[in-house]
Amino acid sequence: QVQLVESGGGLVQTVGSLRLSCAASGPTFSNAGMGWFLQAPGKEREFVAFIHLSIGNAYYANSAKGRFTISRDNAKNTVHLQMNSLKPEDTAVYYCAGAKYYSTSYDYTQTYNYNYWGQGTQVTVSS
């Protein structure tokens, strides 16, 4: 069973930066991807970013474009989310998620295409 552990959350002021990390352990998987989602209190979990672990191509939610960067370090089974120019509305619990299978027909902005989830890390942006 793959386990995902997030780290790097915390309290930061507006326009500050944070770098989240997601470490995967257990059976490794190839030809798959990793995503980041956020969930604010009382709201549904929503997509932030996705990266294909082998090819490296990435895509982002509109709210993350230009501010966030997802990257992977396959040697360390780790995925990062660099978040810059943070805003109070970015405040949420951030979850990383792993997809066992990759297909161009899959919509990786949707939670149901992921097989593994971390426990989440809190990000709070103060104004």
Side-chain angles (χ1 to χ4, degrees):
Q1 182 76 4
V2 174
Q3 291 186 321
L4 304 177
V5 179
E6 302 97 334
S7 61
L11 174 64
V12 64
Q13 292 185 329
T14 300
V15 307
S17 298
L18 281 175
R19 188 191 194 210
L20 305 184
S21 298
C22 175
S25 61
T28 58
F29 47 85
S30 60
N31 297 322
M34 296 287 289
W36 285 96
F37 287 74
L38 65 83
Q39 188 165 20
K43 296 187 177 181
E44 293 188 352
R45 199 165 296 188
E46 62 182 68
F47 172 75
V48 177
F50 172 86
I51 188 166
H52 189 287
L53 293 178
S54 296
I55 303 172
N57 60 309
Y59 53 89
Y60 301 88
N62 287 335
S63 59
K65 287 179 183 176
R67 299 190 301 128
F68 295 1
T69 302
I70 189 171
S71 62
R72 91 279 195 217
D73 182 343
N74 289 343
K76 296 182 179 180
N77 289 336
T78 301
V79 173
H80 303 287
L81 184 68
Q82 177 67 43
M83 305 189 296
N84 299 327
S85 301
L86 284 162
K87 308 172 184 179
E89 51 264 42
D90 295 320
T91 295
V93 177
Y94 284 70
Y95 297 90
C96 71
K100 289 176 63 176
Y101 307 107
Y102 182 80
S103 169
T104 55
S105 64
Y106 288 4
D107 181 357
Y108 290 97
T109 67
Q110 303 300 312
T111 59
Y112 56 74
N113 281 316
Y114 294 85
N115 306 95
Y116 310 107
W117 291 86
Q119 82 290 347
T121 185
Q122 176 70 46
V123 171
T124 303
V125 184
S126 63
S127 58

Salt bridge (Lys or Arg N to Asp or Glu O under 4.0 Å) contacts touching residues 74-90 (sequence neighbours left out): Arg67-Asp90
Tyr102 side chain near Leu53 side chain, heavy-atom distance below 4.5 Å: no
Within 6.0 Å of CD in Gln110, more than 12 heavy atoms from elsewhere: yes
Val2 and Asn115: CA distance, side-chain angles, deciding distance, side-chain contact (heavy atoms from CB on, under 4.5 Å) verdict: CA-CA 9 Å; Val2 174; Asn115 306 95; over 6 Å; no
Nearest-0.5 Å distance, OH of residue Tyr116 to CD of residue Gln1: 5.5 Å
Inter- and intrachain pairs under salt bridge (Lys or Arg N to Asp or Glu O under 4.0 Å), touching residues 42-60, at least two apart: none
Rounded distance (nearest 0.5 Å) linking atom OG1 of Thr121 with atom CG of Leu81: 11.0 Å
Distance-minimising heavy-atom pair for Phe37 and Thr109: CE2-O, 3.5 Å
Any donor-acceptor pair under 3.5 Å from Glu6 side chain to Cys96 backbone: yes
Ser126 versus Leu11, closest heavy-atom pair with distance: CB-CD1, 4.3 Å
Transitive ILVMFWY side-chain link Trp117 to Val5, under 4.5 Å: no
Test side chain to side chain contact (heavy atoms under 4.5 Å, CB included) applied to Val93 - qualifying residues, sequence neighbours left out: Tyr95, Gln122
Minimum heavy-atom distance Ser85-Ser17, with the two atoms named: N-OG, 4.3 Å
side-chain hydrogen bond (donor to acceptor under 3.5 Å, both in side chains) partners for Thr14, two or more places apart: none
For the student: nearest non-hydrogen atoms of Cys22 and Trp36, plus distance: CB-CZ2, 3.7 Å
Verdict with reasoning, Val48 to Met83, per side-chain contact (heavy atoms from CB on, under 4.5 Å): CA-CA 11 Å; Val48 177; Met83 305 189 296; over 6 Å; no
Donor-acceptor pair, side chain of Tyr108 and main chain of Ser103, under 3.5 angstrom: yes
Pairwise side-chain contact, Val125 with Leu18, heavy-atom cut-off 4.5 Å (strictly under): no
For Arg19, salt bridge (charged side-chain N to carboxylate O under 4.0 Å, His left out) partners two or more places apart: none
Smallest separation among heavy atoms of Ile70 and Met34, with atom names: CD1-O, 3.9 Å
Smallest separation among heavy atoms of Ala32 and Ala99, with atom names: CB-O, 2.5 Å
ring-ring contact (aromatic ring centres under 6.0 Å, His included): pairs with one or both residues in residues 55-88, sequence neighbours excluded: Phe47-Tyr59, Phe50-Tyr59
Polar side-chain atom of Arg72 near backbone of Gly33 as donor-acceptor pair, under 3.5 Å: no
Donor-acceptor contact below 3.5 Å, side chain Asn113 vs main chain Asp107: yes
